[in-house]
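Atoms within each ligand, like the ligands themselves, are counted from 1 in listed order. Fair warning: this is a prediction, and the values are worked out from it, not measured in the lab.
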Amino acid sequence: MKVLFASSEIHPLIKTGGLADVAGALPVALRAKNIDVKLIMPAYSGILEKLPPVQSRRNLGNPFSVGDLILLETHLPDSDTPIYLVQCQSLFELEGGPYLDSHGNDFADNDIRFAAFSWVCAMITQYGHLIDWQPDILHLNDWQTGFAAAYLAAWRLEHPPVVTTVHNLRYNGSFPIEQFDRVRLPHDLLNLHGMEFYGRYSALKAGLVYADAITTVSPTYANEILTPTYGDGLDGTLKAVRHKLFGVLNGVDYNEWSPSIDPYIHTHYDLHSIDQKLYNKLALQRENGLPESPEAPVFGVVSRLTEQKGLDLIPDAIEPALEKGAMFILLGSGDKALEQQYLALQERYPDQVSIRIGYDEAYSHRLQAGIDMLLIPSRFEPCGLTQLYALKYGTLPIVRSTGGLADTVFEEGQHANGFVFQHASTEDLKSAIERSLIAFNDLEGWRIKQIQAMSQDHSWDRATATWINLYQSLLNA
Ligand code: ADP
């Protein structure tokens, strides 16, 4: 079975969030099960330098009048996983991140950028001779690839089944209708049952309505997005297509995220040597200029700083714990007001709070290994990967009961591995933090929870069986 897996970010090449982790790991796990998966992503600045030399190069012309689109092929570093890159200087060789310029603003031509990328994905399904390989399944991810489903619908040609995975419904890739002609799609797609979206048009909606199957990244989120609260204006659309909507929980790449082999952390440990985790805590405290204190409970956060993550609740909710001597260490970037709020907390508690604004992959590993509890008070969370990493590191997550957090973190019962609260309020979070402090003081009980956390298997290996079944069912349909 041949699968073309399209993503706008892939770890370790470029990453803004969980999508990159998934795109870097699921295809590799599927290939280990003999599924012939190839990746495709845009050739952003600096990407080719991170990859082995290009093996082939095809010019696909200039359909968007922005310069030629060139399709390059190579493979992931230290892996046999093939990857195609869509090269176009004016669209992708820019200063900044994949979606935002260096000032943090959306690129003004994000519609054309990702339409062009998606157009190439759609072309490959039709013209396999371009690359001597034609996929049986086209697997799209998020709005940046949704245009591909629209091109296939517009061309009205036979094409392989399309799967769209929603990693975050909030980012719907919507643009002004007046700009629609820029993406070279016919106007008959602009209707309520097509791409039209509240007076705009949405690339994600195209990915939903024109796909043969839709998946999202946890069973709970798959249910939540059918409601107005979580549906972000697409709940009606999703309800109409719920027969083809599935929740498939993300996995973890344990080659990257295991405290027994993690090259970034101070001291390796596993289920049988949890005591050694302490050396990572001391090293983290040292690294941050905090007093080395084995007894102080250390709370942490690794996150994009956005409204979604509920991080505005933490400064007030954590204060009673800080008053009792706890520590708090954060790594994140995003919302400027939130950044300021956290820096102010650091100023008030300089010996207990350490805030690092920025993005730092290696430090995120050291943080996960060194803290005792990871705070994730998300207002919504499609799957969430940081709680899965925390579990593996014997770091107990404190989460709001939503999406993938609700599917993976439990406070009660034999699977208890963390702390769970219901409402996105300071009070609820404060009370969960209090419960965690009480539990932390019961060393034996804490160890049992850590063992439970560390023994849970969220490997991709488990998820691949579900994926293969889904692909197979589409081919048999
Ligand atoms: P989302 O995709 O909504 O950002 P996830 O929990 O699914 O949330 O994935 C976030 C990923 O990004 C994790 O791998 C996490 O470790 C990483 N991450 C988030 N913020 C940072 C940061 N500031 N520095 C390093 N890694 C980060």
Side-chain angles (χ1 to χ4, degrees), residues 7-26 97-100 104 141-144 165-171 216-218 220-221 224-225 230 232 247-259 262 264-265 284 300-311 329-336 338-339 342 354-371 374-393 395 397-400 402-409 418 458 460 463:
S7 176
S8 57
E9 47 184 282
I10 299 173
H11 177 73
L13 303 174
I14 188 159
K15 166 169 163 180
T16 71
L19 167 61
D21 287 348
V22 173
L26 173 59
Y99 322 120
L100 308 179
N141 291 278
D142 277 353
W143 75 264
Q144 294 88 344
T165 298
V166 179
H167 298 260
N168 193 331
L169 201 66
R170 175 66 53 93
Y171 303 105
T216 187
V217 288
S218 72
T220 295
Y221 191 61
E224 286 175 338
I225 56 179
Y230 292 95
D232 277 306
V248 184
L249 196 68
N250 277 339
V252 174
D253 183 351
Y254 288 132
N255 292 320
E256 296 260 339
W257 290 97
S258 284
D262 190 329
Y264 299 121
I265 69 175
L284 184 68
V301 165
V302 182
S303 186
R304 292 183 295 118
L305 305 183
T306 63
E307 194 258 353
Q308 169 194 343
K309 302 287 179 178
L311 298 171
I329 301 182
L330 173 140
L331 167 65
S333 65
D335 185 285
K336 297 290 168 231
L338 264 179
E339 291 181 4
Y342 278 109
S354 172
I355 303 301
R356 194 176 298 192
I357 302 300
Y359 185 92
D360 187 337
E361 186 76 25
Y363 182 56
S364 74
H365 287 242
R366 297 201 294 281
L367 201 152
Q368 287 275 17
I371 60 176
L374 183 75
L375 292 164
I376 318 179
S378 302
R379 295 198 161 79
F380 71 95
E381 193 59 74
C383 175
L385 291 172
T386 55
Q387 85 279 14
L388 301 181
Y389 302 152
L391 291 171
K392 185 69 178 173
Y393 284 67
T395 296
I398 301 178
V399 307
R400 178 161 171 263
T402 182
L405 300 172
D407 291 331
T408 55
V409 182
H458 288 291
W460 274 113

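Tyr171 and Trp143 have their aromatic ring centers separated by at least 6.0 angstrom.
Between Glu307 and Arg170, at least one side-chain N (NZ, or NE/NH1/NH2) sits under 4.0 Å from a carboxylate O, which counts as a salt bridge.
A heavy-atom distance below 4.5 Å is found between the side chains of Thr16 and Pro98. In this structure, the side chains of Leu284 and Tyr363 come closer than 4.5 Å at one or more pairs of heavy atoms.
Among all heavy-atom pairs drawn from Ser218 and Gly403, the shortest one is OG-C, 3.5 Å.
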List, pair by pair, the atoms of ligand 1 and of the protein that are both N or O and lie under 3.5 Å apart, giving the separation rounded to 0.1 Å.
from     : atom 1 : to     : atom 2 : distance (Å)
ligand 1 : 2 (O)  : Gly18  : N      : 2.6
ligand 1 : 3 (O)  : Arg304 : NH2    : 2.8
ligand 1 : 3 (O)  : Lys309 : NZ     : 2.8
ligand 1 : 4 (O)  : Arg304 : NE     : 2.7
ligand 1 : 6 (O)  : Leu385 : N      : 2.9
ligand 1 : 6 (O)  : Thr386 : N      : 3.4
ligand 1 : 7 (O)  : Leu385 : N      : 3.4
ligand 1 : 8 (O)  : Lys309 : NZ     : 3.1
ligand 1 : 9 (O)  : Gly18  : N      : 3.2
ligand 1 : 14 (O) : Lys15  : NZ     : 2.8
ligand 1 : 14 (O) : Asp21  : OD2    : 2.6
ligand 1 : 23 (N) : Gly358 : O      : 2.8
ligand 1 : 24 (N) : Asp360 : N      : 3.0

Requested in this report: Evaluate side chain to side chain contact (heavy atoms under 4.5 Å, CB included) for Tyr389 paired with His365, printing each intermediate quantity in order.
Outcome: CA-CA 9 Å; Tyr389 302 152; His365 287 242; over 6 Å; no

